[in-house]
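Let me begin by presenting the structure, written as structure tokens, before commenting on it.
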Amino acid sequence: MNLQQLEHFLVLVETRSFSRAAAKLHLTQPALSRSIHALEEAVGGRLLERDKGKTLTALGELALVRARRIRVELAELCRSATLLADYAGGSVRLGLGPTPTAILSLPLLREMMQRYPAVKLLLSGGTPEMQLQELRDGAVDALVVHRNHIPADPDLHLRFFPRTPLGFVVRAGHPLASESALQFEALRRYAVAASGRAMSDEVMHRLNAYFGPPVHFVEAIQYQSNDIRALVDLVRTSDTVFFGVLQVAQPMIQRGELVHIDMRPALELSSQFVFVTLEGKTLPPALLVLRELCTEYMSGPAD
């Protein structure tokens with residue numbers, strides 16, 4: 001048995017015709033028949049019935065599953081060799097959700113430019129459904145998105161980042177900046193800006209419980225957008241209060257432009273993001289580097 005015979009068998013199953021399979025493989029029909037017969041002798045039984053539809057036997061069904069797996073593994077082995085030979089170059093295509101876009105875009109572009117200038121980095125956004133399809137179609141190599149947007153499908157490999165805290169952020173000098181026991185009535189005096197995708201039912205329920213009845217936190221939200229950077233910049237230049245992933249505002253907090261309201265008791269709300277690739281796919285070395293950079297920046301300090 002050899003790999004060529006397995007490929008001949010796969011093409012025959014796909015075309016359901018010796019003549020079409022032989023033409024596709026650039027073989028004569030007798031040569032293809034000899035190859036299939038040799039494969040059957042090697043495995044110890046008939047793989048298909050010699051009827052018009054080329055029906056698979058029970059052994060043929062088992063052989064088909066394994067032959068397809070071998071074909072994928074062989075392709076990945078060849079691809080790995082190419083990727084390893086091109087460690088310092090190549091291209092990486094990464095799909096990002098709204099919050100990862102705000103956290104990762106600039107640091108990743110800067111790091112890759114400085115440390116791996118030969119790597120072509122392509123970042124893209126979109127709806128979760130569109131991004132998943134792009135991953136499966138090979139249009140992107142990986143995704144960084146909120147865990148709630150990823151189904152538990154067996155073809156997806158998930159690597160979870162540590163949970164990242166949610167909280168309230170205001171501009172430096174804001175009247176609420178010194179609050180340690182923020183009351184809902186005080187918060188209601190100002191517009192609240194939040195990511196539309198951050199406001200899950202669970203988060204809303206926890207916020208309502210934190211501030212106590214008869215609170216409906218959604219009533220305080222005046223501005224929602226999936227452009228997180230725009231929301232944070234609005235907060236920096238007005239009395240609007242930002243609620244969301246604190247890591248998004250971290251650079252401005254470190255520069256003293258924004259202040260994280262230190263809640264007492266602690267708010268204890270968080271989100272979790274995930275690095276998504278396809279099961280069984282060989283990751284390019286540049287993508288492995290990128291994954292570690294994503295882990296570093298998504299796990300940064302919240303204060």
Main chain of [Y], side chain of [X]: is a donor-acceptor contact present, judged purely on distance under 3.5 Å?
X: Gln5; Y: Asn2; answer: yes
X: Asp141; Y: Arg93; answer: yes
X: Thr57; Y: Arg46; answer: yes
X: Gln222; Y: Ala220; answer: no

Once you round to the nearest 0.5 Å, how far does [atom1] of [X] lie from [atom2] of [Y]?
X: Thr55; Y: Leu47; atom1: OG1; atom2: CG; value: 13.0 Å
X: Phe18; Y: Thr28; atom1: CZ; atom2: OG1; value: 11.5 Å
X: Tyr223; Y: Ser238; atom1: OH; atom2: OG; value: 7.5 Å
X: Ser200; Y: Asn148; atom1: OG; atom2: CG; value: 6.5 Å
X: Leu48; Y: Phe9; atom1: CG; atom2: CZ; value: 6.0 Å
X: Ile253; Y: His260; atom1: CD1; atom2: NE2; value: 7.0 Å

Taking salt bridge (charged side-chain N to carboxylate O under 4.0 Å, His left out) as the cut-off, I'd like each qualifying pair that reaches into [range], sequence neighbours left out, listed once.
range: residues 95-117; value: Glu111-Arg115
range: residues 145-164; value: Arg136-Asp153, Arg136-Asp155, Arg159-Glu292
range: residues 201-212; value: none

Could you pull out all residues at least two apart from [X] that satisfy salt bridge (charged side-chain N to carboxylate O under 4.0 Å, His left out)?
X: Glu14; value: Arg71
X: Arg171; value: Asp239
X: Glu219; value: Arg188
X: Glu40; value: Arg50

Given side chains that start at C-beta, do those of [X] and [Y] come closer than 4.5 Å, heavy atoms only?
X: Leu59; Y: Val43; result: yes
X: Asp137; Y: Glu134; result: no
X: Pro117; Y: Met112; result: no
X: Val170; Y: Pro175; result: no

| Residue among Thr164, Val245, Val144, Leu108 satisfying side-chain contact (heavy atoms from CB on, under 4.5 Å) with Ile103 |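 Exactly one candidate clears the test, Val245.
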
Donor-acceptor contacts, no H, no angles, side chain residues 29-37, under 3.5 Å, sequence neighbours left out:
{"from": "Ser33", "atom 1": "OG", "to": "Gln29", "atom 2": "O", "distance (Å)": "3.1"}
{"from": "Ser35", "atom 1": "OG", "to": "His8", "atom 2": "ND1", "distance (Å)": "2.7"}
{"from": "His37", "atom 1": "NE2", "to": "Glu41", "atom 2": "OE2", "distance (Å)": "3.2"}

| query | Hey, are Ser17 and Thr15 close enough side-chain-wise for a donor-acceptor pair under 3.5 Å? | reply |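 No donor-acceptor contact under 3.5 Å links the two side chains.
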
| Does the separation of the ring centres of Phe275 and His157 fall below 6.0 angstrom? |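 Distance test on ring centres: not under 6.0 Å, no.
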
| task | Could I get the full list of side chain to side chain donor-acceptor pair (under 3.5 Å) partners for Glu257, not counting sequence neighbours? | result |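 Applying side chain to side chain donor-acceptor pair (under 3.5 Å) to Glu257 gives Arg255.
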
| task | Return the set of residues passing side-chain contact (heavy atoms from CB on, under 4.5 Å) with Val276 (not counting sequence neighbours), or none when no residue passes. | result |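 Val276 satisfies side-chain contact (heavy atoms from CB on, under 4.5 Å) with Leu135, Leu143, Val145, Ile150, Leu156, Leu158, Val274 only.
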
| task | Go through the steps for Phe161 and Phe273 under the test ring pair (Phe, Tyr, Trp, His ring centres under 6.0 Å), then give the verdict. | result | CA-CA 6 Å; Phe161 299 115; Phe273 298 88; 7.9 Å; no

| task | Any pair with a residue in residues 227-237 that passes side-chain hydrogen bond (donor to acceptor under 3.5 Å, both in side chains), sequence neighbours left out, goes on the list, sorted by first then second residue, please. | result |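 Every pair satisfying side-chain hydrogen bond (donor to acceptor under 3.5 Å, both in side chains) with a residue in residues 227-237: Asp233-Arg236.
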
| query | Step by step, would you call Asp262 with Arg264 a side chain to side chain contact (heavy atoms under 4.5 Å, CB included)? | reply | CA-CA 7 Å; Asp262 189 16; Arg264 291 291 183 271; 2.8 Å; yes

| request: For residues Ser195 and Ile228, report the shortest heavy-atom separation together with the two atoms involved. | output: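 Looks like CB-CD1, 3.3 Å.
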
Same cluster (ILVMFWY, side-chain, under 4.5 Å), [X] and [Y]:
X: Leu122; Y: Leu94; value: no
X: Leu12; Y: Leu3; value: yes
X: Leu106; Y: Val119; value: no

Side-chain donor/acceptor pairs under 3.5 Å, residues 208-218, sequence neighbours excluded:
{"from": "Asn208", "atom 1": "OD1", "to": "Phe217", "atom 2": "N", "distance (Å)": "2.7"}
{"from": "Asn208", "atom 1": "ND2", "to": "Met204", "atom 2": "O", "distance (Å)": "3.3"}
{"from": "Tyr210", "atom 1": "OH", "to": "Pro265", "atom 2": "O", "distance (Å)": "2.6"}

